[in-house]
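In what follows, a single structure is set out as structure tokens and then discussed.
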2 protein chains.
Amino acid sequence: MTTTEDRGTGHVSIAEAAQRLGLSTHALRYYETEGLLVGAPARTPAGRRRYDERDLTWIVMVQRLRATGMPVREVREYAELVRAGRGTEPARLALLRAHRERVLAQLAEVTDHLGAITAKIEGYERQVDR
Amino acid sequence: MTTTEDRGTGHVSIAEAAQRLGLSTHALRYYETEGLLVGAPARTPAGRRRYDERDLTWIVMVQRLRATGMPVREVREYAELVRAGRGTEPARLALLRAHRERVLAQLAEVTDHLGAITAKIEGYERQVDR
DNA sequence: GCTTGACTTCGAGCGCGCTCTAAGCAGCAG
DNA sequence: CTGCTGCTTAGAGCGCGCTCGAAGTCAAGC
């Protein structure tokens, strides 16, 4: 096994982080170079990335934002605010609220489309049953 | 005015169809060349497209499928089945059912993410209120 | 000491879904 | 008849978000 296992302090290699998060190692490096991470993960003396629990928790949030349609650019803006530290909370709040509004609108729209699709399905069901 | 208005029989120019549907004329032609339309719209003697109500109704369905995440390729498959006519109803039904399952799964996932985002927002609200 | 394999950086490539440009023609206003 | 606008086609270009490849380094096992 090449598990690069958690050495007690909660640090994992990029491969294990990727597996846990369901991302590719490429994507993890990409997120980092694109400024989506609040802090770059620590490195071993040899320059290899070591992700701790805080890194992983943050990336889960990034995944949630991405999965709900927030563009990479905006996740970066949010990460920048968090990096900037105290005082940026109102801006972070505004950003997340705006995103939530968009997600709610999208949910409503998809739900509406879903109704129409279901109606179409029911039409075919009646047709096929005959 | 250059409204290219409906001449009684429900035929409209590509510009008006685009406006009604909220698409660009480019996108309408793209959908046509990509095989997403069941039948190509009729043409004037000069070769200009004239969309009738059936064309428009179909495109609205295409928009619903696209807006719920169905890839262009799959919309084309569906359109091909419809074009093939009688006997393809079970296949159409299967395609739409599979899509509905994906949409339902996506809705559940987004709703879950939304909960986490809302929790984050509430955390900031408490912090900012202080 | 050598091989193996996971890591590193940098940059090119790709799939998707349009979007836009260019060049040319049709049809209507003045 | 002259412009002007809006259509036509074919094909190039683009923004997004990764994804992949190349070339090199490092640590561990045999």
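No hydrogens, no waters, no symmetry mates; every other heavy atom, side chains included, goes into these values.
- Every residue two or more places apart in sequence or in another chain was checked for a side-chain contact (heavy atoms from CB on, under 4.5 Å) with B:Q19, and none qualifies.
- Rounded to whole angstrom, the span from the CD1 atom of A:I59 across to the P atom of D:dC18 amounts to 13 Å.
- OP1 or OP2 of D:dT9 lies within a sub-4.0 Å distance of a side-chain N or O belonging to B:R43.
- Electrostatic pairing of B:E122 and B:R126 does not count as a salt bridge here, judged by no charged N lying under 4.0 Å from a carboxylate O.
- In this structure, of D:dA27, D:dT19, C:dC7, it is D:dT19 that holds the atom nearest to the side chain of A:S24.
- Atom OH of A:Y51 is separated from atom P of C:dC7 by 10 Å (rounded to the nearest Å).
- Counting any heavy atom pair closer than 4.0 Å across all strands shown, A:R49 reaches sugar-phosphate atoms only and no base atom.
- In this entry the distance linking CD of A:E16 with P of C:dG5 reads 19 Å, nearest Å.
- In this structure, A:L28 atom CG and D:dG17 atom C1' are separated by 14 Å, rounded to whole Å.
- Salt-bridge annotation for B:E125 and A:R92: absent, with no side-chain N of the basic residue lying under 4.0 Å from a carboxylate O of the acidic one.
- For B:Y51 and B:W58, the ring centers are positioned 6.0 Å apart or more.
- Checking A:L23 against B:R29, the closest nucleotide of DNA chain D that is more toward the 5' end is the one next to B:R29.
- Taking side-chain N and O atoms only, A:S13 has a distance below 4.0 Å to OP1 or OP2 of C:dC7.
- No salt bridge links B:E34 with B:R73; every basic N to acidic carboxylate O contact stays at or beyond 4.0 Å.
- Contacts between residues 65-78 of chain B and DNA chain C, defined by a heavy-atom separation under 4.0 Å, are made by B:R66, B:P71, B:V72.
- Rounded to whole Å, the distance from CD1 on B:I14 to C1' on D:dT5 is 15 Å.
- Close to C:dA6, at under 4.0 Å from its OP1 or OP2, lies no side-chain N or O of A:R48.
- B:E53 and B:R20 are joined by a salt bridge, as a carboxylate oxygen and a charged side-chain nitrogen come within less than 4.0 angstrom of each other.
- Rounded to an integer number of Å, the gap from CZ of B:R50 to C1' of D:dC7 is 11 Å.
- Side-chain atoms of B:H26 lie closest to C:dC20 of the nucleotides C:dA26, D:dA27, C:dC20.
- In this structure, B:R64 pairs ionically with A:D112, as a charged nitrogen and a carboxylate oxygen lie closer than 4.0 Å.
- To the nearest angstrom, P of D:dG11 lies 16 Å from OH of B:Y30.
- Note on B:T44: every side-chain N or O is 4.0 Å or more away from OP1 and OP2 of C:dA26.
- Here the P atom of nucleotide C:dT8 and the CD atom of A:E32 are 9 Å apart, to the nearest Å.
- Contact check, A:Y31 against D:dC18: a side-chain N or O comes under 4.0 Å of OP1 or OP2.
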